[in-house]
A.B. asks: 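I'd like to ask some things about the structure below.
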Amino acid sequence: MKLKLKIKIIWVCLSVLVVRPVYAQLPVYLDEDKPVEERVKDALSRMTLEEKVALCHAQSKFSSAGVPRLGIPELWMSDGPHGVRAELNWNNWHYAEWTNDSITAFPALTCLAATWNPEMAAKYGKALGEEARYREKDVILGPGVNIYRTPLNGRNFEYMGEDPYLAGTLCVPYIQEVQKNGVAVSVKHYALNNQELWRDYIDVYLSERVLHEIYLPAFKMAVQQGGAWTVMGAYNKFRGQHACHNETLLRKILKEDWKFDGVVVSDWGGVHDTYEAALNGMDIEMGSYTNGLTSESAFTYNDYYLAHPYLKMLKEGKIAEENINDKASRILRLIFRTAMNRRKPYGAIANEEHYQSAREIGNEGIVLLKNAPVAKKSAPLLPIDASKYKRILVVGDNAVRPLNQGGGSSELKVKDMVSPLDGLRAVYGDKIRYTQGYVAGKPMYGNVEEIPQTVTDSLRAEAVAMAKESDLVILVGGLNKNHQQDSEAGDRISYGLPFGQDELIEELQTVNRNLILVLLSGNAVEMPWINKVPAIVQGWYLGSMGGHSLADVLSGAVNPSGKLPFSFPARLADCGAHAFDELCYPGDGEKEEYKEDIFVGYRWHDTKKIPALFPFGHGLSYTTFAYGKPSADKKIMKADEQISFSVSVKNTGMCEGQEVVQLYISDKKSSLPRPVKELKGFKKIKLAPGEEKTVTLTIDKGALSYFDDKRHEWVAEPGKFEALIGSSSTDIKAVVPFDFSMCNKNEDSILSEKRPK
Ligand code: BGC
């Protein structure tokens with residue numbers, strides 16, 4: 001017999017006699033071929049009460065325990081949501097100073113929302129998931145989908161704008177792609193964490209209707225369509241109870257109504273009561289300090305609310321054992337999906353593909369707000385025609401500032417970072433000169449640095465002098481990631497631009513009319529000089545490749561296609577949250593009432609007829625698009641049917657471009673007040689010059705429905721509706737009327753149906 005054959009026979013015998021029996025003895029929970037639920041049940045049956053409780057709270061700043069005796073690994077978490085945060089020490093908030101944890105910073109979520117492109121959200125999730133996997137994280141703490149209620153919220157940059165449909169649609173592919181890497185997302189901050197001021201205790205009151213129509217849908221889509229494996233409870237209170245142990249939010253809506261099978265993780269220090277947290281659906285308590293609260297103490301992780309105090313209540317029979325069994329099952333399920341998933345890919349970090357994704361997302365998210373000619377008959381300033389300018393002056397702290405630093409938990413340690421100045425130099429070389437123009441203090445979180453006026457004055461004077469001698473000025477300003485800017489744990493204190501930028505803009509434009517303003521921020525700002533500045537670009541926080549993305553758009557290598565995910569009110573008082581008293585925003589220090597109700601963002605501007613400075617959905621292009629006459633596939637939509645609207649769009653300009661076709665639905669008559677219109681569909685299309693495409697957007701009755709407080713359900717009333725198709729929430733190109741009938745497909749519709757009183 002040949003040697004090869006002999007070896008084969010020996011191998012087969014060995015595997016039959018030795019390997020297979022050993023394998024057969026594998027406990028069910030270790031067998032990845034077994035259904036997850038069987039494995040959960042098996043693991044649970046082998047665990048002591050103490051082991052189950054140990055799963056339910058932190059064991060370090062960013063990890064929770066597994067079951068060492070059974071070989072079940074711990075869970076490692078990391079912020080989130082724009083990249084994987086640098087390693088922190090086991091037991092305090094200092095960075096661990098590792099040298100292998102530098103990553104790609106992706107554009108902030110406001111920028112992702114501004115792409116209006118689910119494909120970009122998928123790219124984002126894939127790359128971020130791969131980086132998290134490579135860094136051996138099991139849970140990445142993001143995405144954030146809290147609704148943009150006021151431009152003063154310090155954390156808007158981590159969220160996806162003012163519209164629940166837009167935020168929900170974009171978070172779904174992000175979540176799905178991250179989780180393909182065996183890394184869970186943690187959708188945050190559930191719910192109503194819409195400001196940072198007094199975030200630990202502000203008690204939010206709002207109608208049942210606005211809760212369901214505006215503040216919850218993105219979370220619901222994240223859970224039901226995205227399949228999110230974890231959700232993070234928020235710091236604030238809702239109707240007198242902390243969100244992290246809120247009976248309505250967690251137990252009733254998330255777990256019972258939405259059938260969430262994952263884990264609720266607390267925000268760090270967000271749990272304040274053992275019994276409530278245990279009963280109302282909190283699963284893993286994480287903490288800011290060792291006692292779990294947001295102030296330091298000598299306590300240990302065992303003193304967390306869901307540690308020994310919880311164990312004691314279980315032992316005393318004050319809390320039933322099924323309560324811990326439910327939590328432990330959820331956590332085991334999460335561990336099997338992530339830490340103990342041997343089939344997950346390996347991941348990758350800061351590679352070319354990730355940089356490319358970051359750059360593309362930036363390219364697609366940058367919004368061209370304004371692009372007017374400087375003089376009659378002259379061309380707009382953008383894209384920059386380099387042949388016209390010998391000396392280009394770049395001004396502004398944000399042109400060089402490391403905007404990955406500060407902001408709070410979303411701070412990132414980057415491997416590479418291309419600043420706007422670097423990006424512009426790479427295109428325009430020696431033509432570029434730079435001056436800071438204003439001073440904004442060093443990047444820091446949690447403090448405001450005093451800036452002497454003399455420094456501000458001299459920097460401004462220098463910039464103005466240099467601008468006089470330049471052919472073109474690009475001011476890269478906006479907000480930054482310091483306290484009271486775009487940063488955690490505090491709100492902005494004014495709507496205007498900080499650090500004397502208003503004065504700087506005024507003075508620059510008097511000496512040089514060729515002024516391009518690039519705003520880097522996660523929030524709208526007041527623009528008192530709007531009529532004097534010909535070109536304005538909203539550039540968000542763009543991450544590692546931000547400088548290239550900006551230069552791509554300013555130079556015209558890329559045609560801008562971003563659209564605003566939130567309105568820019570002209571004045572703060574034009575925003576619904578600021579149209580009432582202090583109780584409406586920021587609250588009285590204890591309580592807050594959302595008096596603008598369902599009229600958030602463009603819903604407010606439309607209904608109150610207060611035009612926004614730049615409306616939701618707005619964004620210009622270097623080309624032009626012509627919309628054809630739209631059509632619907634039916635005149636009457638029945639209750640169990642869908643309706644489709646089609647419209648042709650033609651690129652009538654000289655360069656390739658992308659357009660976002662937006663579909664808003666308007667209910668012509670309803671029993672309850674409704675916004676003038678609401679976004680219910682959109683599609684981004686790419687068109688070469690002269691090219692024409694037809695876009696079809698389909699909705700069902702869900703898109704016609706409102707939440708009826710009294711009946712506690714979604715209601716679509718029969719009657720007349722309109723589909724508004726446009727290029728922004730105010731640039732509506734065409735209106736298609738249609739009827740909605742309560743009959744089903746095979747029944748005759750009765751058009752005289754009356755709306756319920
Ligand atoms: C933030 C969370 C973050 C957590 C961990 C909290 O202060 O609100 O968003 O994930 O810290 O860093």
Side-chain angles (χ1 to χ4, degrees), residues 57-64 75-96 101 103 108-110 128 132 135 137-146 153-160 171 178 183-202 219 222 228-237 242-244 263-272 282 284-296 301 304 404-413 445-446 481 483 486-491 522:
H57 59 88
Q59 60 166 8
S60 76
K61 281 281 139 286
F62 281 92
S63 72
S64 59
L75 281 170
W76 277 92
M77 311 183 186
S78 171
D79 286 299
H82 306 140
V84 190
R85 193 178 183 182
E87 296 299 330
L88 282 117
N89 285 341
W90 180 264
N91 209 18
N92 64 38
W93 286 100
H94 299 299
Y95 284 110
D101 56 353
I103 45 70
L109 289 188
T110 30
L128 174 63
R135 288 268 310 276
K137 302 302 175 195
D138 305 305
V139 183
I140 186 94
L141 305 171
V145 295
N146 292 96
N153 179 10
R155 266 187 118 168
N156 278 335
F157 72 102
E158 289 186 69
Y159 304 140
M160 292 203 248
C171 79
V178 166
V183 175
V185 297
S186 200
V187 189
K188 66 193 191 183
H189 305 88
Y190 184 74
L192 304 164
N193 188 175
N194 302 307
Q195 71 190 50
E196 289 298 288
L197 185 63
W198 306 320
R199 66 173 178 176
D200 296 327
Y201 46 84
I202 192 73
F219 287 101
W229 290 336
T230 91
V231 166
M232 184 189 292
Y235 280 134
N236 51 283
K237 289 182 179 171
H242 271 101
C244 275
V263 166
V264 180
V265 178
S266 79
D267 200 342
W268 271 231
V271 174
H272 304 262
M282 176 49 60
I284 301 183
E285 181 193 2
M286 299 303 291
S288 275
Y289 291 97
T290 42
N291 65 348
L293 291 178
T294 43
S295 59
E296 186 59 284
Y301 293 105
Y304 273 37
N404 53 306
Q405 287 175 27
S409 56
S410 64
E411 174 168 272
L412 295 169
K413 176 174 159 190
Y445 161 61
K481 301 280 194 67
H483 188 53
D486 283 327
S487 185
E488 200 172 322
D491 281 352

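The figures that follow rest on heavy atoms only: side chains count, while hydrogens, waters and symmetry mates do not. Just so you know, residue 1 is the first one in the sequence shown, and it goes up from there. Atoms within each ligand, like the ligands themselves, are counted from 1 in listed order.
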A.B. asks: Report, in ascending order of atom number, the atoms of ligand 1 lying under 4.0 Å from any heavy atom of S409.
C.D. replies: 1 (C), 2 (C), 3 (C), 9 (O), 12 (O)

A.B. asks: Considering residues at least two apart in sequence or located in another chain, which fulfil the side chain to side chain contact (heavy atoms under 4.5 Å, CB included) criterion with E411?
C.D. replies: Y95, Q405

A.B. asks: Show the atoms of ligand 1 that are less than 4.0 angstrom away from any heavy atom in F62.
C.D. replies: 5 (C), 12 (O)

A.B. asks: Heavy-atom contacts under 4.0 Å between M232 and ligand 1: side chain, backbone, both, or neither?
C.D. replies: side chain

A.B. asks: Indicate, as side chain, backbone, both or neither, the part of R199 found under 4.0 angstrom from ligand 1 when only non-hydrogen atoms are considered.
C.D. replies: side chain

A.B. asks: Which of the numbered atoms in ligand 1 are below 4.0 angstrom from a heavy atom of L141?
C.D. replies: 10 (O)

A.B. asks: Is the backbone of L412 close enough, under 3.5 Å, to the side chain of N404 for a donor and an acceptor to pair up by distance?
C.D. replies: yes

A.B. asks: Run the side chain to side chain contact (heavy atoms under 4.5 Å, CB included) test against S64 and tell me which residues pass, sequence neighbours left out.
C.D. replies: L75, M77, I284

A.B. asks: Which residue supplies the protein heavy atom nearest to atom 5 (C) of ligand 1, what is that atom called, and how far is it?
C.D. replies: D79 OD2, 3.2 Å

A.B. asks: So which heavy atom in the protein is nearest atom 2 (C) of ligand 1, and how far is it from that ligand atom?
C.D. replies: D267 OD1, 3.2 Å

A.B. asks: Does one side chain, of Y301 or N91, offer a donor that lies under 3.5 Å from an acceptor on the other?
C.D. replies: yes

A.B. asks: Let me know which of E158, R155, R85 forms a side chain to side chain donor-acceptor pair (under 3.5 Å) with S409.
C.D. replies: R155

A.B. asks: Please work out whether the ring planes of H57 and Y304 are parallel, tilted or perpendicular, with thresholds of 30° and 60°.
C.D. replies: tilted

A.B. asks: Considering only heavy atoms, does M77 approach ligand 1 within less than 4.0 Å through its side chain, its backbone, both, or neither?
C.D. replies: neither

A.B. asks: Return a yes/no value for R155: is any of its N or O atoms, backbone included, closer than 3.5 angstrom to an N or O of ligand 1?
C.D. replies: yes

A.B. asks: State if H189 counts as touching ligand 1 under the rule of any non-hydrogen atom under 4.0 Å.
C.D. replies: yes

A.B. asks: Parallel under 30°, tilted from 30 to 60°, perpendicular over 60°: which one fits the rings of F157 and H82?
C.D. replies: tilted

A.B. asks: So if I count the atoms of ligand 1 from 1 in the order they appear, which ones are less than 4.0 Å from some heavy atom of Y235?
C.D. replies: 6 (C), 7 (O), 8 (O)

A.B. asks: Is there a donor in the side chain of Y201 and an acceptor in the side chain of H272, or the other way round, less than 3.5 Å apart?
C.D. replies: no

A.B. asks: Nearest protein heavy atom to atom 7 (O) of ligand 1, by residue and atom, and its distance?
C.D. replies: E488 OE2, 2.7 Å

A.B. asks: Working note: Y235 + W198, criterion ring pair (Phe, Tyr, Trp, His ring centres under 6.0 Å); need CA distance, chi angles, decisive distance, verdict.
C.D. replies: CA-CA 9 Å; Y235 280 134; W198 306 320; over 10 Å; no

A.B. asks: So if I count the atoms of ligand 1 from 1 in the order they appear, which ones are less than 4.0 Å from some heavy atom of R85?
C.D. replies: 12 (O)

